[in-house]
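Reviewing the structure listed below.
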There are 2 protein chains.
Amino acid sequence: MDIEQRTDQELADIFKVLSEPNRISILRILQHSNRELTCGEVSRQLNISPSTVSYHFKALRKAGLTNTRQMAQAKLLSINRETFQKYLPNFLDSL
Amino acid sequence: MDIEQRTDQELADIFKVLSEPNRISILRILQHSNRELTCGEVSRQLNISPSTVSYHFKALRKAGLTNTRQMAQAKLLSINRETFQKYLPNFLDSL
DNA sequence: AGCTTATTTCGATAAGTGTCGAATTAAAAA
DNA sequence: TTTTTAATTCGACACTTATCGAAATAAGCT
């Protein structure tokens with residue numbers, strides 16, 4: 001419950017979000033394509049159901065690792081570089 | 001099953017090990033004290049049972065994040081800096 | 001308004017995780 | 001060899017997670 005513990009918990013939470021291969025894949029695609037992605041696109045590219053992708057999108061966004069922008073019916077996902085800079089500088093480059 | 005997926009899985013596995021606050025704490029203590037730690041020491045410092053600490057030690061070691069050295073009845077844990085260099089350069093400094 | 005397209009939520013489920021105390025094993029000391 | 005000390009393994013447990021299909025919701029179109 002002290003400051004150190006809170007920091008460790010915070011860090012661990014970031015890592016937990018990143019501890020799922022599909023989420024790493026999503027970030028890799030985002031990083032390399034350098035454009036925003038929709039739920040449907042990821043669903044087709046990774047061959048997982050839209051509901052599962054939506055679940056991962058939510059987790060990434062909730063952790064502050066991504067941003068979301070509405071575009072017609074779709075929602076466009078992009079990397080939130082500030083968060084990575086804060087917790088894992090250089091990580092995105094390694095993808 | 002392709003090369004990219006395997007890499008993502010590998011990375012995710014590293015993150016999974018780090019997604020537990022007690023394990024982060026262990027690494028922080030190791031990093032700051034700059035000396036090896038025993039299971040019992042960590043158990044007392046973090047107030048968790050020896051069996052739980054042993055479980056975390058095993059996870060860290062299995063992921064290649066730490067090294068182990070036998071010393072009398074105890075086992076001394078130290079950081080495996082090569083692995084961090086490979087997957088998360090600069091991370092240890094941020095602890 | 002009704003239709004289409006995209007995303008999200010809602011069960012349900014199978015698998016995995018962190019924790020403990022008790023029992024076991026390993027190593028050293030007496 | 002017995003005793004002590006340290007670490008590990010073994011259930012058991014409550015909790016979380018990733019996944020899906022079906023149903024619900026949201027936003028444009030016609």
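Naming convention: chains lettered A, B, ... in sequence-line order (proteins, then strands); numbering from 1 in each chain. Being a predicted model, the structure only gives us computed values, none of them experimental. Hydrogens, waters and symmetry mates are skipped; everything else that's a heavy atom, side chains included, is used.
In this structure, B:Asn47 atom CG and C:dT19 atom C1' are separated by 14 Å, rounded to whole Å. The CG-P distance, from A:Leu60 to D:dA18, rounds to 11 Å in whole Å. In this structure, A:Asn22 atom CG and D:dT17 atom P are separated by 16 Å, rounded to whole Å. The separation between B:Phe57 atom CZ and D:dA7 atom P is 8 Å, rounded to whole Å. In this entry the distance linking NZ of B:Lys58 with P of D:dA6 reads 21 Å, nearest Å. For the pair A:Met71 CE and D:dC29 P, the interatomic distance rounds to 10 Å; values are reported in whole Å. A:Arg69 places its CZ atom 16 Å from the C1' atom of C:dA6, with the value rounded to the nearest Å. Distance A:Gln73 CD to D:dG28 C1': 5 Å, rounded to the nearest Å.
The residue among A:Gln70 and A:Arg23 whose nearest nucleotide of DNA chain D is located toward the 5' end is A:Arg23.
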Requested in this report: Kindly indicate, with the supporting measurements, whether the criterion side chain to side chain contact (heavy atoms under 4.5 Å, CB included) is fulfilled by B:Leu60 and B:Ile26.
Outcome: CA-CA 10 Å; B:Leu60 288 164; B:Ile26 293 170; 4.1 Å; yes
Query raised in the report: Run the side chain to side chain donor-acceptor pair (under 3.5 Å) check on A:Asp8 and B:Ser25 step by step: do they pass?
Result: CA-CA 6 Å; A:Asp8 291 348; B:Ser25 299; 2.7 Å; yes
Query raised in the report: Going through the distances and angles, do B:Phe15 and A:Ile24 end up as a side chain to side chain contact (heavy atoms under 4.5 Å, CB included)?
Result: CA-CA 10 Å; B:Phe15 284 132; A:Ile24 300 281; 3.8 Å; yes
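Residue B:Ser51 places a side-chain atom within donor-acceptor reach of the base of C:dG21, judged by atom type and a 3.5 Å distance cut-off alone. With hydrogens and angles ignored, no donor-acceptor pair closer than 3.5 Å exists between the side chain of B:Thr52 and the base of C:dG18.
Proximity of A:Phe91 to B:Asn90: side-chain heavy atoms (C-beta onward) are nowhere separated by under 4.5 Å.
An OP1 or OP2 oxygen of C:dA27 is reached within less than 4.0 angstrom by no side-chain nitrogen or oxygen of B:Lys75. Residue B:Lys16 places none of its side-chain N or O atoms closer than 4.0 Å to OP1 or OP2 of C:dG16. At C:dT7, one or more side-chain N or O atoms of A:Thr38 fall inside 4.0 Å of OP1 or OP2 (strictly under the cut-off). Phosphate proximity of C:dT19 to B:His56: present, with a side-chain N or O under 4.0 Å from OP1 or OP2.
Of the charged side-chain nitrogens involved, none lies within less than 4.0 Å of a carboxylate oxygen, so that A:Lys75 and A:Glu36 do not count as a salt-bridged pair.
The side chain of B:Ser54 has D:dT8 as its nearest neighbour among C:dT8, D:dT8, D:dT19.
Within the 4.0 angstrom heavy-atom criterion, base atoms lie near B:Tyr55.
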